[in-house]
Visitor: 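I have a structure I would like to understand better, so I am pasting it below and will then ask my questions one at a time.
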Amino acid sequence: MGKPSRKKINLPCPYCNKKNVETAATAPYVRGFLVAYQVGSKSFIGCASCIKKKVLGEVGLSGAIGWFSITALFINPLLMCYNLVRVPFISPNISKARKKLKEAGIPEDMVNVDITDVGCSLAVAMIAADGEIEDEEIAVAEEVGKQLFADFNSRKFRAKLNNAKKLPN
């Protein structure tokens with residue numbers, strides 16, 4: 001298996017819609033809730049300038065609401081400094097963006113997006129949203145799918161639906 005392609009990703013930056021996706025970054029954070037605290041991270045994918053702004057925005061948010069517990073009071077300055085130091089080093093990194101897109105299941109080229117597949121996935125999500133999959137809902141979704149999409153395939157739709165049944169409520 002060869003090296004991954006360095007070719008640009010044909011997706012617009014979701015923040016500015018001016019440049020293509022060219023990098024990804026993860027910004028760790030802490031939020032204090034008086035008695036408890038939450039440590040987490042946010043991942044961003046887009047153009048380098050927008051990702052820098054998003055990481056700086058996370059620093060600002062942590063500066064505003066990251067102090068309200070004893071533990072957060074000690075962890076927050078470290079995470080804020082870590083994110084601030086990283087910002088100047090955020091630069092285009094196609095392979096990193098490609099990896100994050102793949103993990104998220106997002107295709108790299110919007111030209112190859114199958115609208116019928118997206119519609120089926122949305123229908124499956126709506127049917128399974130309440131935790132119960134009913135035959136009437138399936139019948140309605142299949143009928144509407146056949147009306148909306150010329151290439152609708154009931155077998156593929158039901159395969160997606162079976163995968164939704166395996167997900168936790």
Side-chain angles (χ1 to χ4, degrees), residues 1-31 33 36-58 61-62 65 83 86 90-169:
M1 193 159 105
K3 290 184 177 181
S5 172
R6 308 284 284 156
K7 185 182 90 172
K8 75 176 193 169
I9 297 171
N10 191 22
L11 283 176
C13 172
Y15 307 109
C16 69
N17 286 311
K18 293 178 184 171
K19 297 180 182 178
N20 282 345
V21 167
E22 59 187 6
T23 194
T26 301
Y29 66 85
V30 64
R31 303 288 186 260
F33 307 107
Y37 65 94
Q38 173 190 24
V39 177
S41 63
K42 291 182 183 176
S43 291
F44 304 105
I45 303 172
C47 68
S49 60
C50 287
I51 299 305
K52 287 178 181 183
K53 291 174 189 171
K54 287 296 187 182
V55 173
L56 284 173
E58 188 55 42
L61 187 60
S62 291
I65 63 172
N83 285 327
R86 288 182 50 224
I90 294 174
S91 61
N93 186 337
I94 299 294
S95 60
K96 193 174 189 180
R98 187 168 273 126
K99 181 182 175 191
K100 284 287 188 185
L101 289 170
K102 185 175 181 177
E103 288 172 2
I106 300 170
E108 293 180 25
D109 190 350
M110 289 303 288
V111 176
N112 294 330
V113 173
D114 182 354
I115 299 300
T116 304
D117 192 43
V118 172
C120 287
S121 295
L122 289 170
V124 166
M126 289 175 60
I127 290 170
D130 63 358
E132 296 178 24
I133 298 175
E134 299 172 7
D135 291 334
E136 300 85 32
E137 293 174 321
I138 296 170
V140 169
E142 285 182 326
E143 186 60 38
V144 171
K146 289 174 186 174
Q147 292 173 6
L148 291 177
F149 306 109
D151 59 343
F152 180 81
N153 184 321
S154 291
R155 186 178 46 78
K156 288 182 180 178
F157 174 73
R158 287 186 179 262
K160 281 186 180 294
L161 198 57
N162 286 335
N163 284 337
K165 289 178 184 177
K166 296 175 187 173
L167 296 174
N169 293 343

Visitor: What's the spacing between C50 SG and K18 NZ if we round to 0.5 Å?
Guide: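 Atom-to-atom, C50:SG and K18:NZ are 8.5 Å apart.
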Visitor: What pair of heavy atoms forms the shortest contact from P14 to G46, and how long is it?
Guide: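 So the two residues come closest at CD-CA, 4.0 Å.
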Visitor: CD of E58 to NZ of K54: how many Å apart, nearest 0.5 Å?
Guide: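 Here the interatomic distance stands at 9.5 Å.
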Visitor: Rounded at 0.5 Å granularity, tell me how far CG in N20 sits from CG in N17.
Guide: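 Atom-to-atom, N20:CG and N17:CG are 10.5 Å apart.
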Visitor: Go through the side-chain N and O atoms of S95 and N93 and say whether any donor and acceptor fall under 3.5 Å apart.
Guide: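 Yes, a side-chain donor-acceptor pair sits under 3.5 Å.
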Visitor: Can you measure from OH (Y29) to NZ (K42) and round to the nearest 0.5 angstrom?
Guide: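 One finds 6.0 Å between OH of Y29 and NZ of K42.
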Visitor: Evaluate side-chain contact (heavy atoms from CB on, under 4.5 Å) for S49 paired with K19, printing each intermediate quantity in order.
Guide: CA-CA 10 Å; S49 60; K19 297 180 182 178; 3.9 Å; yes
Visitor: So which atom in T26 and which in S43 form the shortest heavy-atom distance, rounded to 0.1 Å?
Guide: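 T26 and S43 have their closest heavy atoms at OG1-OG, 3.1 Å.
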Visitor: Can you tell me if N83 uses its side chain to pair, donor with acceptor, with the backbone of P28 under 3.5 Å?
Guide: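 Confirmed, N83 side chain pairs with P28 backbone.
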Visitor: Take L11 and L101 through the side-chain contact (heavy atoms from CB on, under 4.5 Å) test and state the conclusion after the steps.
Guide: CA-CA 10 Å; L11 283 176; L101 289 170; 3.9 Å; yes
Visitor: Show every salt bridge (charged side-chain N to carboxylate O under 4.0 Å, His left out) that has at least one partner inside residues 142-153, sequence neighbours left out.
Guide: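 Sorted result for residues 142-153: E142-R158.
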Visitor: Mind checking whether F157 and F152 have parallel, tilted or perpendicular rings, split at 30° and 60°?
Guide: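 It falls in the tilted class, 30° to 60°.
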Visitor: I need the I51 CD1 to I45 CD1 distance, nearest 0.5 Å.
Guide: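 That separation rounds to 7.5 Å.
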Visitor: Is it true that K156 and D117 make a salt bridge, defined as a side-chain N closer than 4.0 Å to a carboxylate O?
Guide: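 Salt bridge absent between K156 and D117.
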Visitor: Closer than 4.0 angstrom, basic N to acidic O: yes or no for E22 and K52?
Guide: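 Salt bridge flag = no for K52 with E22.
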Visitor: Heavy atoms only: give me the nearest L61-R31 pair and the separation to one decimal.
Guide: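 Looking at all heavy atoms of both residues, the closest pair is CD2-NH2, 3.1 Å.
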Visitor: Locate the shortest heavy-atom distance separating V21 from I9; write the atom from each residue and the value.
Guide: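 For V21 and I9, the tightest heavy-atom pair comes out as O-CB, 3.8 Å.
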Visitor: Would you give the length of the straight line joining atom CD1 of I127 to atom CG of L161, rounded to the nearest 0.5 angstrom?
Guide: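 So the CD1 of I127 and the CG of L161 are separated by 5.5 Å.
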Visitor: So which atom in A141 and which in A123 form the shortest heavy-atom distance, rounded to 0.1 Å?
Guide: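 Here A141 and A123 meet closest at CB-CB, 4.5 Å.
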